[in-house]
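Note sheet for the following structure.
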Protein chains: 2
Amino acid sequence: MTEVSHISFFEVASKVLKALGHPERLRIIEYLQTGEQTVGNIQREIGLSQPITSQHLRYMQRRNILTYRREGTKYYYFLASDFIRKLLDCMRSCRLSLESGETQLLDIFPETKRSE
Amino acid sequence: MTEVSHISFFEVASKVLKALGHPERLRIIEYLQTGEQTVGNIQREIGLSQPITSQHLRYMQRRNILTYRREGTKYYYFLASDFIRKLLDCMRSCRLSLESGETQLLDIFPETKRSE
DNA sequence: GACATATATAGCGAAAACGCTATATTGTGA
DNA sequence: TCACAATATAGCGTTTTCGCTATATATGTC
């Protein structure tokens with residue numbers, strides 16, 4: 001019974017959000033939604049170097065977003081909790097709302113050049 | 001018609017998530033869900049110093065999460081887009097799922113001491 | 001034991017975030 | 001014009017990210 005009760009939702013949520021605030025990590029997380037994967041598979045799927053992949057995975061594992069299971073020399077990483085899965089559901093919902101045009105956000109990348 | 005089409009959802013989303021990955025900023029955002037507020041009100045509500053408050057607001061404004069409106073010497077900040085509002089809805093849904101016990105996440109704060 | 005495979009870890013430099021103190025800017029009213 | 005109120009900005013030191021290269025570790029195979 002870990003007593004985390006005095007830590008507010010904001011502390012917890014912000015920590016998770018921060019950990020997901022990286023494009024490659026988001027891609028990894030989404031990839032893992034279909035189930036556990038080895039480091040090698042993740043690496044090839046996302047297109048990252050081996051150390052970078054490993055570092056992102058470890059980063060998220062330390063923050064309890066991922067866990068892993070070992071089998072011989074292979075490491076299978078997977079989503080650590082239903083909460084993360086719930087969050088991913090939310091993300092997908094937001095994504096759809098964006099892509100359908102239901103909502104939009106103006107110029108998250110204002111540095112984007114037009115016609116160059 | 002800004003052409004952001006070649007920038008994937010992951011880039012956009014991660015940028016927003018990163019910006020929200022801070023407890024005080026989350027609090028601010030949630031506070032603004034009820035409508036626009038002056039810097040002073042936000043500052044008092046969240047309990048931050050004036051410069052810190054201003055900096056967080058500017059940080060989020062630069063990332064197009066907030067916008068402001070000026071009236072005399074007062075600055076009214078408010079949520080910049082429906083997408084952000086949608087995201088907040090998702091957050092609330094996740095929050096409820098956490099608090100109701102429907103989902104949980106184990107030890108996001110492992111450094112938390114027990115009985116000390 | 002030699003070697004390959006799969007993955008983790010260390011170390012490093014550049015960049016960004018963070019919180020703080022001090023100061024500048026701008027509008028308002030006497 | 002002077003002073004005040006509301007807010008922004010600058011500058012600084014510390015910490016955290018980030019991506020990279022190089023190396024270590026552990027397991028399986030011959």
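Heavy-atom basis, side chains included; hydrogens, waters and symmetry copies ignored. Residue numbers begin at 1 in each chain, while the letters A, B, ... track the order of the sequences.
- Residue L26(A) contributes atom CG, which lies 16 Å from atom P of dT17(D) at whole-angstrom precision.
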Report task. Give the B/S/- string for nucleotides 7-16 of chain D, one per nucleotide from 5' to 3', where a protein heavy atom under 4.0 Å of the base yields B, of only the sugar-phosphate yields S, and otherwise -. Result -> BBBB------
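- The phosphate of dT7(C) (OP1 or OP2) has no side-chain N or O of R70(A) nearer than 4.0 angstrom.
- Phosphate contact (OP1/OP2 of dG19(D), side-chain N/O of H22(A), threshold under 4.0 Å): present.
- The side chain to side chain donor-acceptor pair (under 3.5 Å) search around R95(B) returns E30(B), E99(B), not counting sequence neighbours.
- The heavy-atom pair separating V16(B) from L87(B) by the smallest distance is CG1-CD1, 3.7 Å.
- Whole-Å rounding puts the I52(A) CD1 to dA22(D) C1' distance at 14 Å.
- Distance, R25(B) CZ to dG19(C) C1': 12 Å, rounded to whole Å.
- Remark: Q55(A) engages no residue in a side chain to side chain donor-acceptor pair (under 3.5 Å) (not counting sequence neighbours).
- Rounded to whole Å, atom P of dA16(C) lies 10 Å from atom NZ of K15(B).
- Checked against side chain to side chain donor-acceptor pair (under 3.5 Å), Q61(B) has no partners two or more places apart in sequence or in another chain.
- Along DNA chain D, the nucleotide closest to G72(A) and the one closest to G21(A) are compared, and the more 5′ of them pairs with G21(A).
- For the ring-ring contact (aromatic ring centres under 6.0 Å, His included) condition, the pairs that include at least one residue of residues 12-60 of chain A, sequence neighbours left out, are H22(A)-H56(A).
- Between the CD1 atom of I28(A) and the C1' atom of dC18(D) there is a distance of 13 Å, given to the nearest Å.
- Rounded to an integer number of Å, the gap from M60(B) CE to dC18(C) C1' is 14 Å.
- Under the side chain to side chain donor-acceptor pair (under 3.5 Å) criterion, T67(A) pairs with no residue at all, not counting sequence neighbours.
- When the side-chain nitrogen and oxygen atoms of H56(B) are compared with OP1 and OP2 of dC18(C), none of them lie within a distance under 4.0 Å.
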